[in-house]
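Chain identifiers are assigned alphabetically (A, B, ...) following the order of the sequence lines, protein sequences preceding nucleic acid strands; residue numbering begins at 1 within each chain. Side-chain atoms are counted along with the backbone in the values below, which use heavy atoms only and exclude waters and symmetry mates.
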Number of protein chains: 2
Amino acid sequence: MEPGDSTKQARAATQLRKGVLEYCVLALMRDRPRYGVELLHALEDSGALATSQGTVYPLLSRLRRDDLVTTTWQESTSGPPRRYYALTDSGRAALDEFTRVWPGFRNAVDTFLTTPHPSTGDLA
Amino acid sequence: MEPGDSTKQARAATQLRKGVLEYCVLALMRDRPRYGVELLHALEDSGALATSQGTVYPLLSRLRRDDLVTTTWQESTSGPPRRYYALTDSGRAALDEFTRVWPGFRNAVDTFLTTPHPSTGDLA
DNA sequence: ACCTGGTTCCATGCGATGCAAGATACCTGG
DNA sequence: CCAGGTATCTTGCATCGCATGGAACCAGGT
């Protein structure tokens with residue numbers, strides 16, 4: 001990528017991902033266990049949340065450390081064995097919690113960005 | 001605070017704010033200069049983005065350091081003088097940049113949270 | 001048997017950010 | 001003079017995303 005044009009945009013997008021990536025990964029595991037590279041590709045396909053292995057694997061380690069996911073090894077027909085990550089009850093609860101919080105947060109940001117903040121009309 | 005019930009929610013909300021707070025503050029200055037406590041109250045009123053002075057003032061220092069805002073002192077009729085923050089051209093450009101990036105990000109998260117990820121229908 | 005390439009996993013060190021807690025200064029009123 | 005509200009700022013900590021590098025397994029060609 002060329003440095004210079006996308007710097008500000010990359011910076012904004014980078015900071016945006018903080019804290020959201022965790023729950024998007026949990027959401028991907030909602031209906032089926034997933035393995036690392038699979039999650040990575042799903043995030044890439046989304047465009048706005050594309051990231052790297054150096055981000056995903058430490059994240060998965062944290063999720064496992066906090067008992068939000070459990071892992072099982074599974075053989076692959078084309079390559080080394082894969083570690084599949086599945087939601088625990090705590091993980092599902094955390095995802096539900098986030099699903100409740102997210103709309104309020106999203107709407108708050110939308111309001112700040114789209115609502116004019118008139119200098120007139122204030123009661124002073 | 002009790003570390004147990006509201007921890008997860010507070011944690012999710014805390015991480016969500018990362019990187020977004022900066023641009024919401026810039027958005028608040030879009031139509032009028034603002035001073036610290038004023039910004040703080042506006043964020044409080046939004047609910048989802050409520051934060052503390054210990055977050056806002058270092059943030060404002062960074063914005064000033066990066067030439068995204070300029071500041072002017074102004075007397076107050078009821079208390080110490082206020083430092084008003086106003087957008088520079090760079091600040092306005094950064095805000096516009098974020099305004100362009102935000103919808104894609106927001107929609108991506110919405111998609112992850114609401115789209116079912118079927119375990120069937122895969123070609124395997 | 002060797003070696004190249006693709007797939008999959010993981011660890012380390014850095015920079016950036018939000019936050020709790022504390023410190024400082026100004027003004028008004030008793 | 002002292003108390004309380006307003007307003008600003010600093011310090012130290014914890015967390016998170018990311019670039020970089022390393023390791024292991026399998027298939028195919030020479």
Side-chain angles (χ1 to χ4, degrees), chain A residues 1 3 6-8 10-26 33-41 43-44 48-66 68-69 71-85 105, chain B residues 1 3 6-8 10-25 33-44 48-66 68-69 71-85 105:
Chain A
M1 62 186 82
S6 62
T7 300
K8 290 199 189 75
R11 189 182 155 116
T14 292
Q15 294 307 324
L16 270 179
R17 283 184 210 111
K18 296 210 169 190
V20 177
L21 213 53
E22 172 180 350
Y23 297 100
C24 288
V25 165
L26 289 177
R34 306 273 188 161
Y35 66 99
V37 175
E38 189 181 7
L39 294 167
L40 205 59
H41 288 158
L43 292 171
E44 266 176 22
L49 285 166
T51 182
S52 66
Q53 297 180 356
T55 296
V56 168
Y57 283 109
L59 168 61
L60 291 172
S61 293
R62 288 195 297 272
L63 294 178
R64 195 166 39 150
R65 183 198 61 190
D66 298 342
L68 300 181
V69 300
T71 66
T72 53
W73 284 99
Q74 206 160 328
E75 297 295 327
S76 167
T77 59
S78 61
R82 301 164 174 170
R83 195 201 283 272
Y84 277 82
Y85 297 80
F105 175 82
Chain B
M1 59 185 81
S6 62
T7 302
K8 289 197 189 77
R11 191 181 153 119
T14 291
Q15 295 307 324
L16 270 179
R17 282 183 211 113
K18 294 213 172 192
V20 177
L21 214 51
E22 173 180 348
Y23 297 99
C24 288
V25 165
R34 307 273 188 162
Y35 65 100
V37 174
E38 190 182 6
L39 295 166
L40 205 60
H41 288 158
L43 293 170
E44 266 175 23
L49 286 166
T51 183
S52 67
Q53 299 181 353
T55 296
V56 168
Y57 282 109
L59 168 61
L60 290 172
S61 292
R62 290 195 296 271
L63 294 178
R64 194 165 39 151
R65 182 199 61 191
D66 298 342
L68 299 181
V69 300
T71 66
T72 53
W73 285 99
Q74 206 160 329
E75 298 294 328
S76 167
T77 58
S78 60
R82 300 163 175 171
R83 194 201 283 272
Y84 278 83
Y85 297 81
F105 175 83

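Atom CD in B/E38 sits about 9 Å away from atom P in D/dA7, given to the nearest Å. Rounded to an integer number of Å, the gap from CZ of A/R62 to P of D/dC18 is 11 Å. Following rounding to the nearest Å, B/Q74 (CD) and D/dT6 (P) show an atom-to-atom distance of 19 Å. The distance from atom OH of A/Y57 to atom C1' of D/dT20 is 16 Å, rounded to the nearest whole Å. The interatomic distance linking B/L63 (CG) with C/dG18 (P) rounds to 10 Å, in whole Å. Distance OH (A/Y84) to C1' (C/dC10): 18 Å, rounded to an integer number of Å. Protein atom CZ of B/F105 is 10 Å distant from nucleotide atom P of D/dG17, rounded to whole Å. A/L40 places its CG atom 10 Å from the P atom of C/dT8, with the value rounded to the nearest Å.
Look at A/T14 and you won't find any side-chain N or O under 4.0 angstrom from OP1 or OP2 of D/dG17. The phosphate of C/dG18 has neither OP1 nor OP2 within less than 4.0 Å of any side-chain N or O from B/T55.
Separation of atoms CG (A/L39) and CG (A/L60) is listed at 6.0 Å; rounding is to 0.5 Å. Rounded to the nearest 0.5 angstrom, A/L59 CG and A/R17 CZ are separated by 13.0 Å. Expressed to the nearest 0.5 Å, how far CD of A/E22 lies from CG of A/L68 amounts to 6.5 Å. Once rounded to the nearest 0.5 Å, the distance linking CG of B/L40 with CD of B/E38 reads 11.0 Å. Rounding to the nearest 0.5 Å gives a distance of 13.0 Å between NZ of A/K18 and CG of B/L16.
When distances run from any side-chain atom of A/P80 to the nucleotides C/dT8, C/dG22, D/dG17, the shortest one goes to C/dT8. For A/R82, whose side chain is taken as the heavy atoms from C-beta onward, the closest listed nucleotide among D/dT10, C/dC9, C/dG18 is C/dC9. In this structure, of C/dG18, D/dG17, D/dT8, it is D/dG17 that holds the atom nearest to the side chain of A/L59. For B/Q15, counting side-chain heavy atoms from C-beta on, the closest listed nucleotide (D/dC16, C/dC9, D/dC18) is D/dC16. Picking from C/dT8, D/dC18, C/dA20 the nucleotide with the shortest atom distance to the side chain of A/R17 gives D/dC18. Closest to the side chain of B/W73, out of D/dT8, C/dC26, C/dC10, is D/dT8. Comparing D/dC9, C/dC9, D/dT10 by their closest approach to the side chain of A/Y35 singles out C/dC9. Closest to the side chain of B/T51, out of C/dC9, D/dT8, C/dC19, is C/dC19.
Judged by atom type and distance alone, A/K18 does not reach the base of D/dT15 through any side-chain donor-acceptor pair under 3.5 Å. Evaluation of atom-type donor-acceptor distances gives no pair under 3.5 Å for the side chain of A/E22 against the base of D/dC16.
Within the 4.0 angstrom heavy-atom criterion, no nucleotide atom of any strand lies near B/S76. Nucleic acid contact for A/L60: none, since no nucleic acid atom lies under 4.0 Å from a heavy atom of the residue.
The 5' end of DNA chain D is approached more closely, in terms of each residue's nearest nucleotide, by B/Y85 than by the other of A/G54 and B/Y85.
Closest approach of A/G36 and A/Y85 over heavy atoms only: N-CE1, 4.3 Å.
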